[in-house]
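Below: one structure, written as structure tokens.
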Amino acid sequence: MRTDTAQPVRLSEYRAPDYLIDHVDLDIRLHLSATHVRARLSIRPNPLGRPGAPLTLDGDGLSATTVLLDGGALDLGVIAIGPERLTIAEPPRKAFELTIDTIVDPSANTQLMGLYRSGSAYCTQCEAEGFRRITYFLDRPDVLSVYTTRIEAEKAQAPVLLGNGNLVESGDIPGSSRHYAIWHDPHPKPCYLFALVGGDLGSIHDAFTTRSGREVKLGIYVEHGKESRAAYAMDALKRCMRWDEEAFGREYDLDVFNIVAVSDFNMGAMENKGLNVFNDKYVLALPGTATDLDYAHIEAVIAHEYFHNWTGNRITCRDWFQLCLKEGLTVFRDQEFSSDQRSRPVKRISDIRALRAAQFPEDGGPLAHNVRPDTYLEINNFYTPTIYEKGAEVIRMLKALIGAEAFRRGMDLYFERCDGMAATVEDFIACFAEVSGRDLAQFMRWYSQAGTPTLKATSAYDTSARTFTLTLAQSTAPTPGQPDKQPLVIPVALGLVGSGGDLPLTTPAPHEDGGASARECASGVFELATETRKLVFHDIAERPAPSILRGFSAPVKLDLDSPAEDLLTLAARDTDLVNRWQAIQTSANRLLAASVATIRMGDVPAPDARFAEALASVIDAFAADPAFTAQAISLPTEADMAREIGVDVDPDAIHMARRELRRSLGLQLQPQLLKAYEALSTDAPYSPDARSAGARALRNTALDLIAAGDARTGADIAMRQFQSAHNMTDQFGALAVLSMIPGDQREQALDAFYRTHAADHLVVDKWFALQGLIPEASTFERVQTLMQHHAFTYANPNRLRSLIGSFAANLTQFHAADGRGYDLIASVVLEMDSRNPQVAARLLGAFRTWRSMEAGRRLHAQAALQRVAEAQGLSADVRDIVDRSLA
Ligand code: BES
Ligand code: ZN
């Protein structure tokens, strides 16, 4: 394991590799504890590198049994071999072949990086720097090679042998119990995209014909007996392959595309060329075991990894600083796919929620970093919401700024120009500057400046002049290492909502006071590129309600001076559904912030009748769009409130304020909620489509609010639903409601659920997760007891995340006033670190908001972090997070 002596890597110090590796010939003999790997590397000096430089190959915990140069042994004087590198001081100045034998132990690999065992299968994970745990290599994404992989294994143990690319040969090894397969991938790729799988797996097969007529064999490999659970993933795969042809003109480029589902996986899934490896929770689904949300995730993750084939694999990253080039862009692509498959506004709303829940706190805390970082200690810690979700927002803004048509031409140019390259963000942006004729230099600041900008909007209506003046101002608070911030280019999508709908947007000419360009007025997207900008709209007959940042056109915090009536107008009538939802959230946030303040003064908050009325009319109109209605009546979460409040956060006051508001709304709206609940009840067989999922979402959200208002009524309905449910969405939705109501009924339901699903690890994960989230003091003991449960284990990342990760997301209990929640997570991080540093470091990220807490909690959090920081032998991963968190 790499421990805490890592040296910082800097973008400014990038140098082209001194050597290139054109071909990699691997011969891998799988064995439980001693897998033999022979690598034959065709190496040549890079014309762009330093002539005569030493050759240093990366390793991680390796030792070599043989090293041959052009078939001959090497003197000890010219070669140095250690666990972390293999150096040849003076390699030949022409092309040569290096043969390296290593032996690795997949069974002992608890980090789940490199070659490891998941269940009874062998599998690999090489991104970001896992290939160096298999053999010595130039483990960097700008070294692209053509791979041929021979895999050999016991036939009984691993009848299925899969590699990258196309299968060229397979057969038995005469006179032995072993067999082999040879895979060849004609597309040069960086080693992080290498993969192999060996195991006794079940599979389903299908085929896809690309629009140019290429026939692609599709396979999904799963645990035996789970084949039927892969059908939805297969369907999603075919849909996203077609979509990428239609939306981006991208076709698949090999004869086979295989997906393997494994239970032990650090991340969600991995885009290895032609052989994606998935966490099985993003593959396996049946109505009785997976919720609607699981189905949506499967669709999105299958698409995401498939889309990487062009954005990541055909065009990869020059270095890991460019990670957003593949991840942000591919998230943007998968979001667009899901929007087209489902409801665009509802997808946007859930993406906005996710961005605010994960990226905003990161950007506002000690772990804030640029979308393109300029330095890192441990690259594994940079697979963050900022790289992914903010990275996708940056692409979305680019599209808003240059328009859909230019965006598509820019993408086409990028695919054409950079195909086969290891590219940079500059290469990418240059394509859009070229096709649109726009100078995108200032836009690049989105990549190099961390922090969430605040967009302040102030407005004034002049009755006699019939003008509406909107002043926009941006500012960004300092982040670690960046005290001074510069203005960004912010696309502000705008509408002025009058009594009869949107008012036309007419302004003075661009260079006059309050002016805007014709393009801005026509598209409704106004650019704020300076600190402030004034916009004056003419011929406005009545005072409109401004709808600002429609579609959430930029990842900023909006500070709005609109009066409460304007928000209610938008909630009722905005043509932009995202802002209709946002208006309700903003209203709720204002009410909740006021009642938190009241509670902290020792007073009792008063209910707000107008807000309840607004929600009532939203619920009455539910039939038009149940999925949207479900989002609209879901109040901000406790974490949302903590973020809005920002400083001196008191989780108990937040919890009380939210509970009170939900109690009063649940009671007042009970008739409407019951009506919607009943109207949406159906005996129709389960289908995961968006419309049916939306109906279930609203039904469960309504039930949740009914129970918040009146626990008895809610519990009765939930118990009935729990017992009669014929799909996991309804069963789990009911259990989630019951889990919030203390008493025997809850414990009985939890027991029954466990007994029914004990054999299904993905459902057991849900059972653990639900219990970690209960906002009661007893949850601490419950979690400790569950850690002794025979089904709990540190060895499986999903299981650890389900119980411990959910507890760390439990605002009141993780942040308990006495600090015991912090201590528990610190202890688990330390326990986990020696086994799996990546998972440990991620869990430690739960502390990212510790400085925003009130003073007492802050001290406890700091002490827990210090305990981690002082531990001996920390991994580089945890060291990096803990040091930055404390800085
Ligand atoms: N390339 C990543 C997987 C990865 C992440 C490998 C970190 C190594 C380190 C993959 O494409 C990915 O982004 N997966 C996401 C899911 C996706 C839908 C955003 C993940 O694993 O969380
Ligand atoms: Zn990805």
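Residue indices begin at 1 and follow the sequence shown. Every number for a ligand or one of its atoms is a count from 1 in the order of the listing.
Within the 3.5 Å criterion, the main-chain N or O of S263 finds a donor-acceptor partner in the side chain of N796.
Among the backbone and side-chain atoms of E327, an N/O/S atom is found under 2.8 Å from the Zn ion (ligand 2).
The residues D253 and K273 are annotated as salt-bridged, a charged nitrogen and a carboxylate oxygen being separated by less than 4.0 angstrom. By the 4.0 Å N-to-carboxylate-O rule, D294 lies close enough to K766 to be salt-bridged with it.
The salt bridge (charged side-chain N to carboxylate O under 4.0 Å, His left out) pairs that include a residue from residues 797-810 are D765-R799, where partners are two or more places apart or lie in different chains.
Here the options are F337, F257, F208, the test is ring pair (Phe, Tyr, Trp, His ring centres under 6.0 Å), and the partner is Y306; only F257 passes. Applying the side-chain contact (heavy atoms from CB on, under 4.5 Å) test between Q125 and each of R133, M113, M267 identifies M113 as the sole match.
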N/O contact list for ligand 1, threshold under 3.5 Å:
residue	atom	partner	partner atom	Å
ligand 1	1 (N)	E127	OE1	2.6
ligand 1	1 (N)	E271	OE1	2.6
ligand 1	1 (N)	E271	OE2	3.4
ligand 1	1 (N)	K326	NZ	3.4
ligand 1	1 (N)	E327	OE2	2.9
ligand 1	11 (O)	E271	OE1	2.9
ligand 1	11 (O)	H304	NE2	3.2
ligand 1	11 (O)	E305	OE1	2.7
ligand 1	11 (O)	E305	OE2	3.2
ligand 1	11 (O)	H308	NE2	2.9
ligand 1	13 (O)	H304	NE2	3.1
ligand 1	13 (O)	E327	OE1	3.1
ligand 1	13 (O)	Y388	OH	2.6
ligand 1	14 (N)	A269	O	3.4
ligand 1	14 (N)	E305	OE2	3.1
ligand 1	21 (O)	G268	N	2.5
ligand 1	21 (O)	A269	N	3.2

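Vertex the Zn ion (ligand 2); arms to H304 NE2 and H308 NE2; angle rounded to 10 degrees, 100°.
N810 and G772 make their closest contact through ND2-O, 3.0 Å (heavy atoms, listed as atom of the first residue, atom of the second, distance).
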